[in-house]
Amino acid sequence: MSEAPTTGSERGGWKLPAPAALLLVLLLPTLLYLPALRNDFTWDDRIAAMGRDGDWVRPEVEELQAPWTYFALPYWPPRNIGDDKLYRPVTVLSFALRHALFGHAPLPGHLLNLVLHLLAILLVFRFLRALSCSDTSSLLAALVFGMHAIHSEVVAGIVGRSELLAFDAGLLAILLAFRAMDQRSPAARTRWLGLASLALFCGFASKENALAFVAFLPLACRAHCWRNSSDLPGSGDEGSPPAADASRVLPWRHWLPVVLVPALVFLVLRQEALSGSRGNPITWLENPWAGLSPLVRIPSALIAWAWALFLTVAPVSLAVDHGPASLPTVAGPGDPLFWVAALIAAGLAWIVWLSVRHRRRAPLLFLAVACWFGFSFVTSNIPFAVNLVLAERSYFVPSLALSLLVAWASEHLPVRRQVPAFALTALFAWIGINAFMICQRVPVWKDNRTLATSEVVNRPDSVRMRIVASHYALLDGRTQEAAHDLEAALVHAPSLGRLLHDYGWVLEKLDRTQGAIAAYEAGLRGRIDDPRWTLRLHSKLAQALGSLSRIDEALEHVVQALRIHALYLDEDPGLRAFVRRCAERPDVSTRTHRTALQLLDIAARPPR
C-alpha cells in the first residue's frame, strides 16, 4: 500500500492532539472575553436587548409574546418620525427570552454571546474537517477565528447577538447540507436538506446579511465535492474524512429549493412586517456618501473596503465609529484618490478572477475569496449606500475567510522544517497581537460613558463620539470640556445642524447667549438630515432670543416650528412654557401678546 500524502503541517512535525488542542482553542477566547460579563447594556443594547432606553420602550422585549408574534414586528420600534427598515425576529425573540428569564440583568446576555461565539469556533472546526482538512489545519483555522479581534464588538456588545446567530445558523446549515450529500437514501437526504433549509431561515431571520448564504452554501457544497475527490491534493490526508462518492453529488435543482424557499419565506414575512415602515433617512453623521453621486460614493467605498480587508488580516486599529472624518471621501475623477480606488478595484477583481480560475485546484482559497467578498459586498456602500461607512461587526462572517486561508496555507507549506517553524512563529505573533487588542477593546463596552470617553481618545476625529462624550461631560458638570469636544467635532463637520444645536446649547450653559444664537442660526442654514433637528433648532433659538427680550423674533421661530409640525408645542414642554411666559409678560406689545395667545390656542386644539 502506498503511503498517504501528508499536509505541510504534518510534514513539519507539529501535529497537535485534537481533543486537548480543541479545548485550548476554546479556552483562550473564553479567558479573553470573560471580562465582558461585567459589562452593562451599552449603546444600542439598551433599547434593542433591554427593551427600555429612557422614554423609548419596547414592549415585545419587556413582555414575552407568542413566538410567531415576533415575525410580524420590525427590529426597531417606531419612534417619532419614521423608523428603521430592519427585520430580525429570531434575534428579538432571543432578547425577549433573556428578559423573561433574567429581567434587566445584563450578565446573562453577555454570557449567551460568549457561548454563541464558542459555538461558532466549534462550527468552524467541524466545517474545516468536513472539507477534508487535517486536525491540525482545522484547529489552527478555528483558533484564528476564535482569537480574531475584529469579533470583539460582536461578543462584548449584546446587540452583536444578530451576527452570532446568523453565522452559527448559516454554518450549521452548510454542515447539514454536507450530511445530506453523504446519504444514500433519498428520504434521509431530503430530511437533512430540510433541516439545512430550516437552519438557513433562522439565519436570515437573525440578520439580513445572512442572505449571502444563499450563494455561499452551494459553493461550499461544490468545494466539499472537490476537496473529497480522490484525485485532488489533500483528499487522502491522514485524519481526513474518506473521499466522497462522486455519484452522491447533488445537482443544482436539488439545491435551489434548499436555499430559495427559506429566502422567499423570509422576504415575504419581512415585507409584511415592514409594510408600514417609511424608514429613516441616512444621515450625514452615519454615512456622508449616502446622498453623493456614484462617481464619489463608489471610489470612496472601495478605499474603505480595502481598509476593511486590511483589518480582516491585521485588526490593529479597531474603533466603534469609522465615521465621516475617519476615511477619505473621493472628490471625483480629478482626485488622485479616484485612481487609487481604480487600482484597488482592479486588484480585488484580479483576486476574484484568480480564485475562480483555480477553484478546483484550490477550493479552500476559492471559498475564502467567496466568503469575504460575498458577505461584505452588500454592506460595502458599493452597490448602494447603507447607514454606516464601515462597521466592524459586519465583518464577523467575512473573517471566516482568514481561517480558510490559514487552513490552506498549513496544507501547502514546503517540506523544510524552518518554513513551518517560521509560519508558526508568525501565526502565534498574530494571535498575541489579537489577544492584546481584545483585552483593550472588551472594557470599552463597559457602559456608555466608558465607551464615549475611551473612543474620543482612540479616535479623536470621530464626530459621533465627540457628541456623545460632550453629553456625558455635561452630565458630570464639565461644561467647558463639553464645549471643547464639540469644537473639535466642528472642525470636521462645521455645517452639521445637529452638532451646531448641541454646541449652542452648551454655549448657553456657559452664559454665551450671543454665541449660542449664532450657532443655532448656522445650524438652520446648515446640513439637516432629520426634520426633528430643525424643530429643536427653532425651539432653542426661540428661547435664546427670548432670554434677550427679542420676543417678536423668538415667536417667529415658534411659528416656523409649528409650520413643520403643528403639534410640536405638545412635544416640547420647554417651548410651550416659554410661549406661555411671553403671553403673560406685561412689557410686550399687543401684537406680540396676541401672537403668543394664538400659538397657545393652536397647541390646545385636539388633533384631527
Side-chain angles (χ1 to χ4, degrees), residues 54-55 79-81 283-285 467 470-471 473-475 477 479-480 482-483 485-487 489-490 493-608:
D55 62 345
R79 185 180 187 182
N80 295 331
I81 302 171
T283 66
W284 182 90
L285 194 59
I467 292 173
S470 71
H471 291 174
L474 281 176
L475 289 175
T479 311
Q480 193 61 52
D485 281 328
L486 294 173
E487 287 164 358
L490 282 167
S495 63
L496 185 62
R498 173 184 177 179
L499 179 56
L500 288 162
H501 168 277
D502 290 359
Y503 185 53
W505 183 36
V506 170
L507 291 181
E508 281 196 85
K509 291 184 177 296
L510 292 171
D511 295 325
R512 294 163 57 185
T513 308
Q514 290 288 1
I517 290 172
Y520 295 142
E521 290 174 340
L524 286 170
R525 295 191 303 269
R527 180 190 299 273
I528 300 177
D529 304 298
D530 188 331
R532 285 173 288 191
W533 290 106
T534 304
L535 294 170
R536 292 167 187 169
L537 282 162
H538 278 301
S539 173
K540 289 292 185 183
L541 182 53
Q543 294 174 70
L545 289 168
S547 69
L548 297 181
S549 298
R550 295 162 62 180
I551 305 300
D552 290 336
E553 294 176 66
L555 292 181
E556 178 58 32
H557 284 284
V558 178
V559 171
Q560 293 292 332
L562 295 183
R563 284 175 179 169
I564 299 171
H565 185 22
L567 300 179
Y568 186 62
L569 280 183
D570 292 334
E571 298 177 6
D572 190 337
L575 184 60
R576 181 168 182 164
F578 165 73
V579 175
R580 183 174 289 109
R581 288 195 302 271
C582 290
E584 294 170 353
R585 288 181 63 158
D587 56 339
V588 298
S589 66
T590 303
R591 175 177 172 274
T592 301
H593 179 73
R594 189 187 313 116
T595 301
L597 288 175
Q598 288 173 345
L599 291 172
L600 291 172
D601 179 61
I602 292 172
R605 293 175 188 171
R608 295 179 181 178

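Values below: all heavy atoms of this structure, side chains included; hydrogens, waters and symmetry mates excluded.
Shortest non-hydrogen contact noted between A516 and L507 is N-CD1, 3.8 Å. Between G574 and Q543, the shortest heavy-atom distance links the atoms O-OE1, 3.8 Å. Closest approach of T513 to A544, counting heavy atoms only: CG2-O, 3.9 Å. Smallest separation of non-hydrogen atoms from A554 and A542: CB-O, 3.1 Å. Annotation for A483 and L510: closest pair CB-CD1, 4.0 Å, computed over non-hydrogen atoms.
Looking at heavy atoms from C-beta onward, I564 lies in side-chain contact with H538 at the 4.5 angstrom threshold. In this structure, the side chains of V506 and D485 stay at 4.5 Å or more apart for every pair of heavy atoms. For the pair L474 and T479, the minimum side-chain heavy-atom distance is below 4.5 Å. Using a 4.5 Å cut-off on side-chain heavy atoms (C-beta onward), D572 and L535 make no contact. When side chains are defined from C-beta on, R498 does not count as touching T283, because their heavy atoms never get closer than 4.5 Å. The closest side-chain heavy-atom distance from L524 to L500 is not below 4.5 Å.
Evaluation of the salt bridge (charged side-chain N to carboxylate O under 4.0 Å, His left out) test over residues 546-565, restricted to residues two or more places apart or in two chains, returns R550-E553.
With values rounded to the nearest 0.5 angstrom, H501 atom NE2 is found 10.5 Å from I528 atom CD1. Distance CG/D502 to NZ/K540: 9.5 Å, rounded to 0.5 Å. A distance of 6.0 Å separates CG of L486 from CG of L499, quoted to the nearest 0.5 Å.
Enclosure of atom CH2 in W533 by more than 12 non-hydrogen atoms of other residues, nucleotides or ligands within 6.0 angstrom is indicated.
For R512, there are no salt bridge (charged side-chain N to carboxylate O under 4.0 Å, His left out) partners, not counting sequence neighbours.
In this structure a side-chain-to-backbone donor-acceptor pair under 3.5 Å is missing from Y520 to R536.
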